[in-house]
Chemist: 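The structure is given below, and queries will be raised subsequently.
The chain is numbered in sequence order, starting from 1. Computed over heavy atoms, backbone and side chain alike; hydrogens, waters and symmetry mates excluded. Keep in mind it's a predicted model, so treat the numbers as computed, not measured.
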Amino acid sequence: MKKSTGRIIAGLCAIAVTGFEIIKYLNGREYPKYSNEWMESLSDSELDTEREEIRKAWCSEPKDISRAIELESILDQFDREIHKRKSSDSSGYVFPRHTEHGWYLSGDD
């Protein structure tokens, strides 16, 4: 009887520890690197720094075409995020810009 009670207690402790680790993971999880959510969480300077690292890696991949294509798609993802941030700022014109009057047309008709 003592061995079965010890096994039950050990099993319950293992379940509790596993549950705690799952909760800890879900509460403190970070986004995978180079995902859209990860890029949105970066500041502008961090975004520029990360993009520059990928650009340097892309420039130094002359023989591995598949790796170069992967890096180029990450660069495109960085560029889309940078464009999204700049185009949401209404302080100045960012190419291309769509207004209620169409593309490139001023609103003072």
Chemist: Given side chains that start at C-beta, do those of D79 and R51 come closer than 4.5 Å, heavy atoms only?
Modeler: yes
Chemist: Are W58 and I74 side-chain neighbours, meaning at least one heavy-atom pair lies under 4.5 Å?
Modeler: no
Chemist: Verify the cluster assignment for I69 and I54: are they in a single hydrophobic cluster under the rule of side-chain heavy atoms below 4.5 Å apart?
Modeler: no
Chemist: Is there a side-chain contact between R85 and D44 (heavy atoms, below 4.5 Å)?
Modeler: yes
Chemist: Quick one: list whatever passes side-chain contact (heavy atoms from CB on, under 4.5 Å) with S43, sequence neighbours left out.
Modeler: S45, E46
Chemist: Going from NZ on K56 to CG on L71, what distance comes out if it is rounded to the nearest 0.5 angstrom?
Modeler: 14.0 Å
Chemist: List the atom of L47, the atom of M39, and the distance in Å for their closest heavy-atom pair.
Modeler: CD1-O, 4.1 Å
Chemist: W38 and Y34: which non-hydrogen atoms are nearest, and at how many Å?
Modeler: CE3-N, 3.2 Å
Chemist: Using the test side-chain hydrogen bond (donor to acceptor under 3.5 Å, both in side chains), find all partners of E50 that sit at least two apart in sequence or belong to another chain.
Modeler: none
Chemist: Is the shortest side-chain N to carboxylate O distance from E70 to R67 below 4.0 Å?
Modeler: yes
Chemist: List in chain and number order the residues that pass side-chain contact (heavy atoms from CB on, under 4.5 Å) with R80, two or more places apart in sequence or in another chain; answer none if no residue qualifies.
Modeler: D76, Q77
